[in-house]
Structure formats: structure tokens, C-alpha cells
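See below for the structure under consideration.
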Amino acid sequence: MTVTAPRAFSDKPFVERFESMGDEAEGMFEHFNENWARLGHNRPKKPNGDDFRLHKLALSLRYMPDYMQEIPTRLVEVQGIASRPLKIKIEKIAALEQWNNLGTPVWFWVWSTTRQTYAELPWPEMMKLINKEDVQFGKYPEGKAYISISSKLLPWVSG
């Protein structure tokens, strides 16, 4: 009998990733933070129950940050990782840059299921990682390009 290892989340087709995308990471953000309100899209449905086709929206609307916070005042993009590097779509980075330029800073909040802790960093710090470090580039199965950032480079909160 041949046993195959389960595919990493990022290697699954988009349709499979969509079903649970961000659930654990967003739940942990809500657990560890206060004064937040949901901002971004959480797999919206049409009144008839069909999935809303976000891919038809402008990038800045499609990749709206997940949360806004009052204290600290910021917009927050939440992402989750396990044992593999953090992958961020190139088009998401372009959209989040637009949000950051509106005057309320964008922060990245990353939950690690492997480490059972989180890292958070403001837009300028993430851009320093992307521009200074040796990041890798790749493509998801559906063809969207992403950058890959080693989890070792992220500022993890010690538990």
C-alpha cells in the first residue's frame, strides 16, 4: 500500500483552498486583538447561495485588508502559515500598497499553526523583508504569482 503525504495548503487548487482560507488565522487574530472590525471579504455569497465572483473586482477591492482596528489605528491583513514559508500574491501586495497609501497604515499579522504564535509587522517592515532579503518567487496551481518569505525572517511573538 502506498501512502502519500497530504498536500500543503498552498499546493492545493484554489477551489480547495477557498473553502477554509484564513479561518484559523483570522480566529487567532480575533483572539489576540481587541478593538477590531471586519473589513475585507470573507467568502461572500450571493442571495441565491452561489459564490460571489471577487475576481471581477478591481484589485484594491478584491484584496481589501481583513480588519480595521481603532487601537492601534491600522488596517490588518491576516495570513496563516504552517511549516512552509509565507506566500503573498504579487497582485495582493500591489493592492495593499494602495490601501497603505490612503493614510491608515497596513499591517501584516501572520499566524503560524506550527509555532502556535504570531508575527506582526507594519507595511514598511514587510517591504524591507521583500526588497532586502532573498525571497523566492513562484506560482499557485491556478497561475497567480507569489513571493515566498521564510518564516525565520518574521518577528515571532514569544509565548
Side-chain angles (χ1 to χ4, degrees), residues 9-10 12 14 16-133 135 140 144-159:
F9 181 80
S10 62
K12 294 179 181 179
F14 178 76
E16 288 181 45
R17 293 193 325 265
F18 185 77
E19 291 304 315
S20 63
M21 197 175 285
D23 289 347
E24 180 181 351
E26 290 172 358
M28 296 312 290
F29 172 82
E30 292 173 7
H31 173 77
F32 283 104
N33 289 273
E34 297 177 339
N35 301 306
W36 53 263
R38 184 81 190 162
L39 181 63
H41 310 289
N42 193 9
R43 295 187 299 280
K45 300 279 185 193
K46 295 178 186 176
N48 68 1
D50 291 345
D51 292 331
F52 190 84
R53 296 178 183 252
L54 293 176
H55 70 277
K56 294 183 177 184
L57 295 176
L59 290 180
S60 59
L61 293 176
R62 191 181 326 160
Y63 294 114
M64 188 180 302
D66 297 306
Y67 296 90
M68 59 182 168
Q69 278 188 286
E70 183 179 35
I71 303 169
T73 302
R74 63 185 183 171
L75 301 173
V76 183
E77 176 60 27
V78 175
Q79 298 216 223
I81 63 171
S83 59
R84 298 182 111 187
L86 173 64
K87 294 180 179 178
I88 307 172
K89 290 178 186 171
I90 301 293
E91 62 185 25
K92 178 185 272 194
I93 291 169
L96 290 173
E97 181 175 32
Q98 291 177 352
W99 282 96
N100 189 67
N101 290 338
L102 290 176
T104 300
V106 169
W107 282 64
F108 289 85
W109 197 94
V110 182
W111 174 253
S112 170
T113 56
T114 304
R115 297 171 192 256
Q116 288 294 293
T117 191
Y118 64 91
E120 59 182 346
L121 59 164
W123 177 263
E125 294 302 315
M126 180 62 85
M127 292 306 99
K128 282 181 189 174
L129 280 180
I130 290 170
N131 292 320
K132 286 176 98 176
E133 300 296 338
V135 298
Y140 284 107
K144 299 271 185 178
Y146 64 79
I147 57 153
S148 179
I149 301 169
S150 170
S151 64
K152 295 175 186 172
L153 299 174
L154 298 173
W156 298 105
V157 172
S158 51

Test log, rule side-chain contact (heavy atoms from CB on, under 4.5 Å), inputs I90 and I147: CA-CA 7 Å; I90 301 293; I147 57 153; 3.3 Å; yes

Worked check of side-chain contact (heavy atoms from CB on, under 4.5 Å) between I88 and M126: CA-CA 11 Å; I88 307 172; M126 180 62 85; 4.1 Å; yes

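With sequence neighbours excluded, the residues that form a side-chain hydrogen bond (donor to acceptor under 3.5 Å, both in side chains) with R115 are S151. Legend: residues meeting side-chain hydrogen bond (donor to acceptor under 3.5 Å, both in side chains) with W109, ordered by chain and number and at least two apart, are absent. Remark: N100 engages no residue in a side-chain hydrogen bond (donor to acceptor under 3.5 Å, both in side chains) (not counting sequence neighbours).
In this structure a side-chain-to-backbone donor-acceptor pair under 3.5 Å is missing from T104 to L75.
Residue E26 holds its CD atom at 10.0 Å from CD of Q79, rounded to the nearest 0.5 Å. Atom CD1 in I93 sits 10.5 Å away from atom CD in E77 (nearest 0.5 Å). Residue M127 holds its CE atom at 3.5 Å from CD1 of I130, rounded to the nearest 0.5 Å. We find the CZ-CZ distance between F108 and R74 to be 12.0 Å, quoted to the nearest 0.5 Å. Here the CG-OG1 distance, from L154 to T117, works out to 11.5 Å after rounding to the nearest 0.5 Å. The CD atom of E97 sits 5.0 Å away from atom CH2 of W123, with the distance rounded to the nearest 0.5 Å.
Here ring-ring contact (aromatic ring centres under 6.0 Å, His included) pairs that include residues 57-90, with residues two or more places apart or in two chains, are F29-Y67, W36-Y67. For the ring-ring contact (aromatic ring centres under 6.0 Å, His included) condition, no pair includes a residue of residues 70-92, sequence neighbours left out. Counting only residues at least two apart or on different chains, no ring-ring contact (aromatic ring centres under 6.0 Å, His included) pair has a member in residues 68-91.
Scanning both residues, M68 and L39, for their nearest heavy atoms gives N-CB, 4.1 Å. Looking at every heavy atom in both residues, P155 comes nearest to E120 through CG-O, 3.7 Å. Heavy atoms only, all atoms of each residue included: A82 and S112 are closest at O-OG, 4.2 Å. Scanning both residues, P85 and S148, for their nearest heavy atoms gives CB-OG, 3.1 Å. L96 and P65 make their closest contact through CD2-CG, 3.9 Å (heavy atoms, listed as atom of the first residue, atom of the second, distance).
Other residues, nucleotides and ligands place more than 12 heavy atoms under 6.0 Å from the CD atom of Q116.
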